*Asks:* 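Got a structure here, written out as structure tokens. Questions coming.
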There are 2 protein chains.
Amino acid sequence: MARSGQVSPRGDLVRAAVLGLLGTRGASSRADIARVLGISPATVTQTTKELLQRELITELRSVPSNGGRPATLLGLVRAAGGAIGAKVTADHVAIVSVDLDGTVRTSRSVPFDPSRPAALEALAGILRDAVAAHDGQLLGVGVGLPGAVDSQTSGLVDAPTLGWSRSPVGRRLRDALGVPVLVDNDVNTLAAAQIVYGHGREYASFMVVTIGLGIGCGTVFQGSVSRGAHGGAGEIGHIPVTDDGPSCGCGNTGCLEAYVGEAGLLAAAVEAGAIGPRGTIATLARAARAGKPAAAAIYRDAGRLFGRTLAGVVHTVDPDLIVLMGEGIRDWALWETGFEESFRRQLMPARRGIRVLAESWSEDQWAVGAASLVLASPFDAVAAGAQGELVRARLQTPEAAR
Amino acid sequence: MARSGQVSPRGDLVRAAVLGLLGTRGASSRADIARVLGISPATVTQTTKELLQRELITELRSVPSNGGRPATLLGLVRAAGGAIGAKVTADHVAIVSVDLDGTVRTSRSVPFDPSRPAALEALAGILRDAVAAHDGQLLGVGVGLPGAVDSQTSGLVDAPTLGWSRSPVGRRLRDALGVPVLVDNDVNTLAAAQIVYGHGREYASFMVVTIGLGIGCGTVFQGSVSRGAHGGAGEIGHIPVTDDGPSCGCGNTGCLEAYVGEAGLLAAAVEAGAIGPRGTIATLARAARAGKPAAAAIYRDAGRLFGRTLAGVVHTVDPDLIVLMGEGIRDWALWETGFEESFRRQLMPARRGIRVLAESWSEDQWAVGAASLVLASPFDAVAAGAQGELVRARLQTPEAAR
DNA sequence: CCGCCTTTGTTCGAGGCTAAATTTAGTGAG
DNA sequence: CTCACTAAATTTAGCCTCGAACAAAGGCGG
């Protein structure tokens, strides 16, 4: 559904897309492949014939028919490859190694100081270890980080929270690792994961909104991530909500994030006496859960402001669905009352029914998202560009093209 | 530049795109056509050969070479067709008839009451007259209206300001007129015009923001209009800017439009004593121009609020450029001071350089935009859909397919 | 058991686009 | 004037995809 209407893939993209589909959605019939990828059955027959000959895929059992000829399921001969995903934050790098179907093989976290002059070299070193530790065919490395990335392929990064400006992350990592490297904004990587494994199967246009240290947002439009003119779309954390107000990491005052980001919540909570001056976000959440009114009010007010702002974003973008993710979502129950009241009330009547889903939080979420940049590249030729081509080449020739 | 990277047109789309290009950008060489449309020179040679045979285009003069073989310019044999554009408002319909290159042939305005039960029939009648009065090949009719339109082809409209809900505008007009009809949100039509004739030639991603009775916004992303999941994107006039505040036509309170739309400005001006209770927007603007402080303050405050909100929109969408249009733009000088100060200050540093251009206002703007839906359809197969195909058929067989 | 239906999957011819090589038509240096 | 160079336009061969017709394979009602 989400993919129908997508541009017909051409050239070896079809082969890659078929392989990617079998990897991400599991065994499928030829007819299904044709429907999902929006190509003709004739093309699927030809493509699969070739892939069968090369023994990249195999025919599995037939499924019982429901009135017509029973479908023959096709599956990958084996995990045709894996990917490594890394999420870079201000104090650590989270790394996962995943199979083509998205299952996490290994996962770890390494301390990291992005402000050091040689931070990029350090990052390259960390990833080099991960690449070396990966066994089996490695399709590529996906990197997610909090900042604007001009394109997945070139990977030129502006990330104020990391202290990086015009940093050539993509090029450096590529040179250091010798495998395809795709770089994107961290929230966009979550959106890419949703396209491949999540709600993208049912919805073509949705937004992924994250709550955590900051507030982020990735927009999926007609099955692919909208990145804006310079990869800077989705900075909803820096929507100004008041003319002045608390100052924000971005240098301005009155940003949404300055109110409802982790630091903003803590500052408000301390001022209101809801927690002591040394309290953490966990302290605050505990107090709110315990029913302490001042603490609960912090979350309720944050939910209201967040809801009001998100209503504006919905009016601007008109998504089908909003998916909430990120660390902060663990405490969503505390936000929800204030949010729902304010959000629904300030939506235009025609939009009031929009679905908002809070995903459960998992530690690996971000890094798995980064890995899915690689796994999504067969479906998103435009975004993945030249590095995506390399990924596709590797997907089709297990002995690692380069 | 803007169009490069666009999906290669296929099938008869190439012929239509070549004709459309020659119509909208004037005579071009084959090499230019190939570059702009992103197709191979070989295809252009083949396509133009056929069009030359059919005498739809002709070879014009050669241009002096700069080191290589001189280019031969190709041009349309004659105006290969025209289009009719109509903008529907709460009290009138503005209609223009344009040539393929966008020059306005005729223009008029007809009173119209959208709240009447038979409003759609009345609109069909008005347009039937326009179609009858049009001489020469008519490619189609474009209709722009203030509301959400699910798709240009089906033309199912939700327009609170017209009192229309789930109104089958497209289908009805099509049945009544017997020519291709494309329907879209009015601001999107301005955006379509910008793609074909305006800043779309230099920018691939920009926003068109209108100031007038309400505040609207159309987003162009990678050369085509982003419509959102249900054609409702760009309702930035209904971004909530306060928790409560003046009530708005959409049923909510505190919308941007309630403050800086025409009604909002007037209400604020009356309350501040800047104009009398019977004053109009013209009165207010005159007073402000004359230097009356209370009147000037109304505009300055509106500019500030508008700037702050637009900064948030820029953070969300990340366009390359903002084009300001609409009736209200006549008084932009009055808004500008407040706007610039607030807008730039509340933008993130990386975005602070974004260009904002105020287009000059012309009476026909809206209706010409609607007409350009038709003229843009060769370039935007996805948006224009089945009706676009009909337009393309008519573009290639002057004796009017149907 | 037998047609008739539905759905899957294949074959084949046609159309459309492209890359690469080639031809055409100029400029400009010596 | 000639030769090298450049860019435009064309030709050619080949690949990719699709539509349409057809074959395959089962369910279902009589």
Side-chain angles (χ1 to χ4, degrees), chain A residues 3-18 21-22 27-53 57-75 378 381 389 392 396, chain B residues 3-19 21-22 27-53 57-75 378 381 389 392-393 396:
Chain A
R3 287 203 206 291
S4 65
Q6 102 180 131
V7 184
S8 312
R10 289 188 64 85
D12 82 328
L13 244 153
V14 173
R15 280 185 291 276
V18 169
L21 190 76
L22 295 180
S28 319
S29 72
R30 292 175 177 82
D32 269 343
I33 294 172
R35 275 189 294 266
V36 174
L37 294 181
I39 56 183
S40 76
T43 305
V44 175
T45 291
Q46 287 206 331
T47 306
T48 54
K49 190 188 294 180
E50 186 189 326
L51 294 174
L52 282 166
Q53 262 170 12
I57 62 175
T58 184
E59 291 196 335
L60 305 174
R61 68 189 182 286
S62 294
V63 294
S65 101
N66 52 334
R69 172 174 172 173
T72 311
L73 292 184
L74 300 171
E389 267 173 51
R392 291 195 289 281
Q396 288 165 53
Chain B
R3 286 204 205 291
S4 66
Q6 102 178 133
V7 185
S8 312
R10 287 188 67 85
D12 82 329
L13 245 153
V14 172
R15 278 185 290 277
V18 169
L19 289 172
L21 189 77
L22 294 179
S28 318
S29 72
R30 291 175 178 82
D32 269 343
I33 294 172
R35 277 188 293 265
V36 174
L37 293 182
I39 55 182
S40 76
T43 305
V44 175
T45 292
Q46 287 202 334
T47 306
T48 53
K49 190 188 294 180
E50 186 191 326
L51 293 175
L52 282 166
Q53 263 171 11
I57 62 175
T58 184
E59 292 197 336
L60 306 174
R61 69 189 182 287
S62 294
V63 295
S65 104
N66 54 334
R69 171 172 173 175
T72 310
L73 293 185
L74 299 172
E389 267 174 51
R392 291 194 288 280
Q396 288 163 55

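Letters A, B, ... are given to chains in the order of the sequence lines, protein chains preceding strands, and every chain is numbered from 1. Keep in mind that this is a model prediction, so the values were computed, not measured.
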*Asks:* Rounded to the Å, how far apart are B:Ile57 CD1 and D:dA9 P?
*Replies:* 12 Å

*Asks:* I need the minimum non-hydrogen distance between A:Arg392 and A:Pro378, along with the two atoms involved.
*Replies:* CD-CA, 4.2 Å

*Asks:* Please report, rounded to the nearest Å, how far the P atom of C:dT10 is from the CG atom of A:Leu52.
*Replies:* 9 Å

*Asks:* CD of A:Glu50 versus P of C:dT11: gap in Å, rounded?
*Replies:* 15 Å

*Asks:* Tell me, please, which residues at least two apart from B:Ser29 pass side-chain contact (heavy atoms from CB on, under 4.5 Å).
*Replies:* B:Ala31, B:Asp32, B:Ala71, B:Leu73

*Asks:* Identify the residue among A:Ile33, A:Leu60, A:Thr58, A:Leu51 that makes a side chain to side chain contact (heavy atoms under 4.5 Å, CB included) with A:Leu74.
*Replies:* A:Ile33

*Asks:* Is A:Lys49 near enough to C:dT11 that one of its side-chain N or O atoms lies under 4.0 angstrom from OP1 or OP2?
*Replies:* yes

*Asks:* Nearest 0.5 Å, please: how far is CG in B:Leu37 from CZ in B:Arg35?
*Replies:* 11.5 Å

*Asks:* For A:Ser40, which residues count as a side-chain hydrogen bond (donor to acceptor under 3.5 Å, both in side chains) partner, sequence neighbours excluded?
*Replies:* A:Thr43

*Asks:* Looking at five pairs on each end of the helix from C:dC1-D:dG30 to C:dG30-D:dC1, what is the angle between the two axes, given to 10 degrees?
*Replies:* 0°

*Asks:* In whole Å, I'd like the distance from the CD atom of A:Glu59 to the P atom of C:dT8.
*Replies:* 15 Å

*Asks:* Does anything in residues 37-46 of chain A pair up under salt bridge (charged side-chain N to carboxylate O under 4.0 Å, His left out), and if so which pairs, sequence neighbours excluded?
*Replies:* none

*Asks:* OP1 or OP2 of D:dC18 versus the side-chain N and O atoms of A:Thr43: is any pair under 4.0 Å?
*Replies:* yes

*Asks:* Output yes when at least one side-chain N/O atom of B:Thr72 is less than 4.0 Å from OP1 or OP2 of D:dA9, else no.
*Replies:* yes

*Asks:* Working note: B:Leu19 + B:Ile57, criterion side-chain contact (heavy atoms from CB on, under 4.5 Å); need CA distance, chi angles, decisive distance, verdict.
*Replies:* CA-CA 8 Å; B:Leu19 289 172; B:Ile57 62 175; 3.7 Å; yes

*Asks:* From CD1 of B:Ile33 over to P of C:dC17, roughly how many Å is that when rounded to an integer?
*Replies:* 14 Å

*Asks:* B:Leu73 has an atom CG; how far is it from atom P of D:dA8, in whole Å?
*Replies:* 12 Å

*Asks:* Could you tell me how far apart A:Ile39 (CD1) and C:dT10 (P) are, to the nearest whole angstrom?
*Replies:* 13 Å

*Asks:* Using whole Å, what does the distance between atom P of nucleotide C:dC17 and atom CZ of B:Arg15 come to?
*Replies:* 8 Å

*Asks:* Given C:dA19, C:dT8, D:dT10, identify the nucleotide with an atom nearest to the side chain of B:Thr45.
*Replies:* D:dT10

*Asks:* Given the rule in the side-chain contact (heavy atoms from CB on, under 4.5 Å) test, do A:Lys49 and A:Arg30 qualify, once you have shown the distances and angles that lead to the verdict?
*Replies:* CA-CA 11 Å; A:Lys49 190 188 294 180; A:Arg30 292 175 177 82; over 6 Å; no

*Asks:* Taking only residues two or more places apart in sequence, or in another chain, which ones meet B:Glu50 in a salt bridge (charged side-chain N to carboxylate O under 4.0 Å, His left out)?
*Replies:* B:Arg15, B:Arg54

*Asks:* Using a cut-off of strictly less than 4.0 Å, decide whether B:Arg30 has a side-chain nitrogen or oxygen near OP1 or OP2 of D:dT10.
*Replies:* yes

*Asks:* Sugar-phosphate means primed atoms, P, OP1 and OP2; the rest is base. With that split, encode nucleotides 20-26 of chain D 5' to 3' as B, S or - using protein heavy atoms under 4.0 Å.
*Replies:* ----BBB

